[in-house]
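See structure below.
So that the names make sense, note that chain A is the first sequence line, chain B the second, and so on, each numbered from 1.
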Protein chains: 4
Amino acid sequence: MARIIDISKMERVKETAIQMVVEKGYGGASIATIAKKAGVAEGYLYRFYKGKEELVVDLLCNKVNEIADELELLLQRCNRVADVVSLLVKKIFQIAENNPDHIKFLYVLMHDYNFKIGDRERERIFKLCREIKNIGSNSGEIGEFITEEDIYMLVNIFPIQFINLRIKNFFGNKSWDNTDKEHIIEIIIKTLKA
Amino acid sequence: MARIIDISKMERVKETAIQMVVEKGYGGASIATIAKKAGVAEGYLYRFYKGKEELVVDLLCNKVNEIADELELLLQRCNRVADVVSLLVKKIFQIAENNPDHIKFLYVLMHDYNFKIGDRERERIFKLCREIKNIGSNSGEIGEFITEEDIYMLVNIFPIQFINLRIKNFFGNKSWDNTDKEHIIEIIIKTLKA
Amino acid sequence: MARIIDISKMERVKETAIQMVVEKGYGGASIATIAKKAGVAEGYLYRFYKGKEELVVDLLCNKVNEIADELELLLQRCNRVADVVSLLVKKIFQIAENNPDHIKFLYVLMHDYNFKIGDRERERIFKLCREIKNIGSNSGEIGEFITEEDIYMLVNIFPIQFINLRIKNFFGNKSWDNTDKEHIIEIIIKTLKA
Amino acid sequence: MARIIDISKMERVKETAIQMVVEKGYGGASIATIAKKAGVAEGYLYRFYKGKEELVVDLLCNKVNEIADELELLLQRCNRVADVVSLLVKKIFQIAENNPDHIKFLYVLMHDYNFKIGDRERERIFKLCREIKNIGSNSGEIGEFITEEDIYMLVNIFPIQFINLRIKNFFGNKSWDNTDKEHIIEIIIKTLKA
DNA sequence: TATGAATGAGCCTTCATTCAT
DNA sequence: GATGAATGAAGGCTCATTCAT
């Protein structure tokens, strides 16, 4: 019988790819470097992906879906927008704490005109934002002029922006603590009420 | 008599560079294409910049400073945060309307870990945000827990995010109108008050 | 008890290899594709051949020998050159009709400087041509200045060229019929007489 | 002013490309090797051709047209098929004597299913063959059943086949002399008469 | 015996940069 | 000052081949 696929191998490649894209940008992350760092042959990833782009797109979609999954879960469990927002933002911070590269990866590619996420993901996000809106409209937590778009920007992009500003050390203040998290959550919740 | 340097030449190169970076990404924007489109020799830009990266960094700084300049001007003229925010956001929308590529350029490179803007620019932005804060603290337009960082995110990043979400057609709604602008301005002003 | 080797397996590989070489050229016919199409593991053929080249060379020799076998048979059975030529050419046409790929394969590799057939095959062909010459000299069907080389070119290469010119649709006329076959045979026989 | 294009450089590349294709086949002739042998940078040829294929196709067409040009010239000057054939075959031999690689190149690529010559060239050749036919029909040098296709095979392919058989040392007899040339010419002329 | 996961040399191509003119 | 011919390192990718199972 032939050798069994070493699952950890491709995992290593994926992790390294995320690292390199974050560090050097999509263009700067070469297959050769990724493979070497992952301890894998250059041609290895082509057994699983058609090419570099397919790999990165897949990683991006996974990351987006990971957050969407969490949001979906929270929407099932919580019946107040405040809780949903609070827990989602904490989840995002948690990702940033455990895997800073993952949140940086998301940050970098979300803003790259060459890596739009798929229509399916976009529609899913839209629906989830609408659900938040519905809950908030009923509970009075969301103002009548707040759109799904606003919700997306506040609940998803805003925390990611904050985290990356901190990682980039943009205003000199490194990292973050619980106070920062609560601060961000409060701003979001208040703004939604507007 | 020495020939006068054709000032417009380098301008053409810069404009084309912005266009190409937006269209094809940093990696995809080749010097050869830029030079050809600008009607300039391939080697031309090396008389002014060390290389491609230096050129792009310079363009990014210019763009950032352009907005900072506007903000500085508004701070001199206005004595209410509401006016500053309103006029600045309108200015950003204006740039997006007259030169969509410029706002896309800013959007793309602001979020690229390979293109951090210089310390000087960052400090300048920080000071301007502090000035907004001071005005707002006095006039009661800015809540006591709002930081310079929050102001930066709300006043600068938020509108740029909105515009690009629309350009990307993220939620299906193309472009924007005055109602959208007022909507964004209102959200920002209300959030600052929080 | 040892398992019996599945003879048809290697046969399938060989047939597929011929197909792929014809379709994509030697370089374009990848072992992976051949193996997959033949329903065999990629590493399978290495139990029988040193590598891709050896396989293809072997196939070429087989094909050459197949025609030589036929010629040998005809020489035993016929005592007129006209019959030998007629039947051999018809045989070649028959191969082209039943297995167009085989005749294309022969055509392509016969003319590739990287795939000379072995000395043994060449000598065999030479001897067969000499035999034709001998018969023709005695029967008056072959002119005194016609060499073995001429015979080879007329009797073997000429029909193969004709067939491939037609397959390639070189002069717009697709395929061939019995009239074409008789036409080619007649030209060959008349030329030999010269 | 910028440097002037060194015309001989591209000539060297072309010549080397022909050599390498003959020696190693199209697939085996790598750009790196060609460039190195031609004393030129690897990227050089991409200033003139889109890629390897375009280069080789161009070389093939040039070679085909060179022979077509000669044939056209001969048709203007001669009024007997015998003369046309004799001079054309001698021309082909001459090419083989001066540039053996060129005739080998033609031989190899004419028989490669991946390198069909353009429609324009094919039609041109067809017309030239028809012209030969017309002349021969009038002068009685060409039999009534001989087609343009036959003429093409006899006048063009036949000599090229002969030359390459000799170069390949197929029947042990190296090279050729004037007697060989006359022999081939005679066969062709006699066959056409049939 | 047969498999097919894994390799890595080598392919074609691009393009930022240099420098003779 | 300005040009653009020429470079060659580096990129993404393919695929014949190997070998643990």
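Taking a 4.0 Å limit (strictly below) on heavy-atom distances, residues 9-16 of chain D does not reach DNA chain E anywhere.
Distance CD1 (Ile34(B)) to P (dG4(F)): 17 Å, rounded to an integer number of Å. Spacing between atom CZ of Arg47(A) and atom C1' of dG8(E) amounts to 14 Å, rounded to whole angstrom units. Remark: P of dA5(F) and CG of Leu45(D) are 15 Å apart, rounded to the nearest angstrom. In this structure, Tyr49(A) places its OH atom 17 Å from C1' of dG12(F), rounding to the nearest Å.
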Identify each donor-acceptor pair in which a side-chain atom of residues 29-40 of chain A lies under 3.5 Å from a protein atom, sequence neighbours left out, and give them as a table.
residue: Ser30(A); atom: OG; partner: Thr33(A); partner atom: N; Å: 3.1
residue: Ser30(A); atom: OG; partner: Thr33(A); partner atom: OG1; Å: 2.6

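Contacts of Arg12(D) classified as salt bridge (charged side-chain N to carboxylate O under 4.0 Å, His left out), with partners at least two apart in sequence or in another chain: none. Looking at residues two or more places apart in sequence or on another chain, you find no side chain to side chain donor-acceptor pair (under 3.5 Å) involving Tyr26(D). For Glu15(C), the side chain to side chain donor-acceptor pair (under 3.5 Å) criterion is met by His102(C), not counting sequence neighbours. Evaluation of the salt bridge (charged side-chain N to carboxylate O under 4.0 Å, His left out) rule for Lys63(B) yields Glu66(B) as partners, not counting sequence neighbours. For Asn99(D), the side chain to side chain donor-acceptor pair (under 3.5 Å) criterion is met by no residue, not counting sequence neighbours. With sequence neighbours excluded, the residues satisfying ring-ring contact (aromatic ring centres under 6.0 Å, His included) with Phe170(D) are Tyr152(C). With sequence neighbours left out, the side chain to side chain donor-acceptor pair (under 3.5 Å) criterion links Asp119(B) to Arg122(B).
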5'-to-3' dot-bracket of DNA chain E (Watson-Crick, G-U; under 3.5 angstrom; crossing pairs as [ ]; | other strand): .||||||||||||||||||||

Contacts under 3.5 Å, N or O only, protein and nucleotides 14-17 of chain F:
residue: dA16(F); atom: OP1; partner: Lys52(C); partner atom: NZ; Å: 2.9
residue: dA16(F); atom: OP2; partner: Ile31(C); partner atom: N; Å: 2.5
residue: dT17(F); atom: OP2; partner: Tyr46(C); partner atom: OH; Å: 3.1
residue: dT17(F); atom: OP2; partner: Lys52(C); partner atom: N; Å: 2.9
residue: dT17(F); atom: O4; partner: Glu42(C); partner atom: OE1; Å: 3.1

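Across all non-hydrogen atoms, the minimal contact from Phe48(D) to Glu54(D) is O-OE2, 4.3 Å.
Mapping Val40(A) and Val40(C) onto DNA chain E by nearest heavy atom places Val40(C) at the nucleotide closer to the 5' end.
Note on residues 109-118 of chain B: pairs passing side chain to side chain donor-acceptor pair (under 3.5 Å), not counting sequence neighbours, are Gln161(A)-His111(B), Asn164(A)-Tyr113(B), His111(B)-Gln161(B).
How far CG of Leu60(D) is from CZ of Phe115(D): 8.0 Å, rounded to the nearest 0.5 Å.
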